[in-house]
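Following: one structure in structure tokens, then a few remarks.
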Amino acid sequence: MTLNPIASPYLELLKNRVNLTKIPFSERSSRLMFFRTDDSFAVRLAERWFKLDGQLASYRKREPIVSDWALTDFAGNVLPLTTTTYPHCVEISNANGPYRLVFVDPETLLLTLPPGQHGLRFRANLDDAQTDRRGGTLRLTGNIRRNIAYTTNARIVEQRVEANGNGNTVDLRLDCADGARLMLNITPRLGFNRHLPDADTTIATAAQQWHDWFAAAPEVAEEYREQYYFAWLVMRTGLISSRFYTTREAMTPSKIHYVGVWQWDAFFHALAYRHVEPRLAQDQIRIVLDHQRADGMIPDAIHDEGVVTHLTFPIEADVTKPPLLAWAAWKLYEMDGDREFLDEIYEAVTRWNRWWFDYSDTDGDGLPEYRHPFSSGLDDSPLWDDGMPVTAPDLNTYLVLQEEALARMAETIGAEEDVALWSGRADRLAQRMIDHLWDPEAGLFWAKHQGTRVDVRTPFNLFPLITGRMPEPIARQLLAHLTNPDEFWTRYPVPTVAKNDPAYEPLEMWRGPSWVNINYLLVEGLNRIGQQEVARELRRRTLAMMQSSDDIYEYYHPETAEIPPKAAPTFGWSAALFIELAIEESRALSAAQQ
């Protein structure tokens, strides 16, 4: 059975949400991103290609592999065009007639061609070209393999391929009958896909797959539906295929801005996937464990070409991410009941937990420290301005949550002797935070560098609250800080530096903006300590903040919801946690109406 694309309410709901400028047309597991610039198109690759230029983030500015892709008349004149996008296809119209663009597979785009005589041209950032009667092939010579095949069933009246800088420009004049189409296969493989499929079937299949993806998600309240399903679009198009060190299909933080798999991002991504594909959710955890070191450490990030475990900037140290693995794995188990998965990962998580105490407790006080700023995930936070290492309340809060989850995992898999061990460790670690980091006069837990408090107020000074293990007087003081409008209870909380702190910079990454993952953790903690109304208000404000923009971003201005200039678009964990929060709020609304 095929599905008329317009017959799906989800596809119609998201009409033109993919704007082709900041939000590309892409597909699950694909490395291809299709953009529009004026009256032409481009295809960028979600690949780092570190071997090409030796720079970690150069892919953000790298020339598209296909650029200046224009639809022309038969004389070669570029024609003005309009586009209409759906999750599964792009409709294009100009004086020649209508075109439709769809993914055949993650490496292949299919463009339908209207009847008549007209043309198209594009520039390929590849240096070796060969033509044939159905199109041609282009290859990048050297030690990096990227290839393109273009294939058409239209009659090629004229074909010109001209060297253009480091690439080649392909210019075609075509005589198109009904059913004419052109396929573009962009691949690192030696073999090409040049088998032209039926366009209507391909489009209908894509529509069905997208419809099924959205239909598998839990329903939410009407006020959240459009942004909610857009978040699910981000969660599907952000997936990249397995390749080399990328051992499993995995979600990128942002296919445009952060290509790879970052550890704690993966844990938040898994929370959303558990609603639709339990195996995909589990694989977000498996991929980081695939690269666990012998000493137990899990990499900061995984890219096709390798892993990030040690950096020399801004200081030299091993680098990882906050220990939320067991916390996330337990959330997956609560939904799917897959005991085998817990059994599979249990020993790896215990080694990971041990690493923090063996490697990162440099002063022997039983409270592990961040030894590299990036290991916190809070890269540019003023918490690190005094230097490293830093004994941080958030890190030790995560370890309490991890050891608590390990106790539950041990009980579930039958490792009874470990249950009391992990529960006791979690209790003792929470008490050590009180003994070493709590300041009753300030009503805060201070981060400390070399025994001296780091004098900056952040929500991470409040994080022990979410362990649920704080005595009532401490919890009350922390809650008062959180809900103080001069500190953290802004219009769109929670700023990552208190509004009244001298270090507050609301447009600078971790120095002031609101981050959705921090809010999510606080919402969970507030519910845990019986502060349901505060939790719900934070959840509502977070959802409102994220609905103020068409896209879903990395972080937001805490007073206006303005998008800071460096905030990444189509951001994975923000999408994942919008999904989580919208589901929670919708269920709360439903319960209140009953």
Side-chain angles (χ1 to χ4, degrees), residues 24-27 29-37 40-70 101 103-111 120-152 156 159-172 182-196 237 239-247 252 255-261 302-306:
F25 177 60
S26 193
E27 181 55 273
S29 283
S30 182
R31 305 302 184 100
L32 311 183
M33 298 180 291
F34 182 80
F35 290 91
R36 175 182 175 180
T37 302
S40 67
F41 303 103
V43 180
R44 293 185 175 273
L45 291 180
E47 296 178 334
R48 286 172 70 243
W49 280 17
F50 184 76
K51 293 179 182 178
L52 186 66
D53 42 32
Q55 298 293 320
L56 286 173
S58 59
Y59 58 84
R60 296 175 190 166
K61 299 180 180 179
R62 186 178 297 134
E63 185 178 359
I65 192 167
V66 173
S67 60
D68 302 320
W69 184 356
L101 184 82
F103 275 87
V104 176
D105 59 48
E107 296 180 347
T108 311
L109 288 163
L110 184 71
L111 180 70
L120 61 83
R121 66 170 173 262
F122 61 87
R123 183 185 185 279
N125 192 26
L126 304 174
D127 58 3
D128 180 63
Q130 301 291 328
T131 63
D132 56 50
R133 66 182 181 84
R134 301 174 72 228
T137 59
L138 302 110
R139 301 179 189 273
L140 181 65
T141 58
N143 64 352
I144 297 175
R145 183 180 297 120
R146 294 297 182 274
N147 308 309
I148 294 176
Y150 58 99
T151 308
T152 184
I156 299 176
Q159 176 171 204
R160 294 195 302 271
V161 179
E162 297 180 358
N164 183 341
N166 294 324
N168 281 276
T169 296
V170 177
D171 197 342
L172 297 172
L182 178 137
M183 190 167 74
L184 201 65
N185 177 217
I186 303 174
T187 180
R189 308 173 200 281
L190 288 172
F192 288 116
N193 177 10
R194 304 198 68 182
H195 183 277
L196 285 167
T237 57
L239 287 163
I240 57 173
S241 59
S242 61
R243 189 179 295 174
F244 306 116
Y245 284 82
T246 308
T247 50
T252 60
K255 217 169 190 177
I256 300 170
H257 203 77
Y258 296 110
V259 179
V261 178
I302 301 156
H303 306 288
D304 293 340
E305 303 101 324

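The shortest distance between side-chain heavy atoms of L138 and Y150 falls below 4.5 Å. Counting only heavy atoms from C-beta outward, the side chains of P24 and I256 approach each other to under 4.5 Å. Counting heavy atoms from C-beta on, the side chains of P188 and E107 come closer than 4.5 Å. At a threshold of 4.5 Å between non-hydrogen side-chain atoms, the residues T108 and F103 do not count as touching. Annotation: side chain of R60 is in contact with side chain of Y258 (closest heavy-atom distance under 4.5 Å). Within the 4.5 Å cutoff, no side-chain heavy atoms of R48 are placed close to those of D304. Residues I156 and T131 are not in side-chain contact: their nearest non-hydrogen atoms beyond the backbone lie 4.5 Å or more apart.
Heavy-atom minimum distance, V161 versus V170: CG2-CG2, 4.2 Å. When all heavy atoms are compared, the tightest approach of S30 to P106 is OG-O, 2.6 Å. Smallest separation of non-hydrogen atoms from N147 and L140: OD1-N, 4.1 Å. Between R134 and D132, the shortest heavy-atom contact is N-OD1, 2.9 Å. The heavy-atom pair separating T252 from K255 by the smallest distance is OG1-N, 3.3 Å. Closest of all the heavy-atom pairs between I186 and V43 is CD1-CG1, 3.8 Å.
Aromatic rings from F41 and F122 are positioned such that their centres are separated by 6.0 Å or more.
Residue-environment remark: OH (Y245) stays at or below the threshold of 12 foreign heavy atoms within 6.0 Å. Under a cut-off of 6.0 angstrom, the local environment of CZ in R243 is crowded, with over 12 non-hydrogen atoms contributed by other residues, nucleotides or ligands.
With values rounded to the nearest 0.5 angstrom, E47 atom CD is found 8.5 Å from E305 atom CD. Note that CG of L239 and CZ of R31 are 11.0 Å apart. Values are rounded to the nearest 0.5 Å. Distance check, rounded to the nearest 0.5 Å: OG1 of T137 to CD1 of I148 gives 10.0 Å. Separation of atoms OG1 (T169) and CZ (R121) is listed at 8.5 Å; rounding is to 0.5 Å. To the nearest 0.5 Å, atom CZ of residue F34 and atom CG of residue L184 are 9.5 Å apart. The CG atom of L111 sits 12.0 Å away from the CE atom of M183 when rounded to the nearest 0.5 Å.
Under a 3.5 Å cut-off, the side chain of D68 and the backbone N or O of A70 do not form any donor-acceptor pair. Between the side chain of S26 and the backbone N or O of L32 there is at least one donor-acceptor pair closer than 3.5 Å. For the pair R123 (side chain) and N164 (backbone), a donor-acceptor distance under 3.5 Å is present. R44 places a side-chain N or O within donor-acceptor distance of the main-chain N or O of R62, the cut-off being under 3.5 Å. A donor-acceptor contact shorter than 3.5 Å is absent between the side chain of N185 and the backbone of R194. Side chain of N168 to backbone of L126: a donor-acceptor contact under 3.5 angstrom is found.
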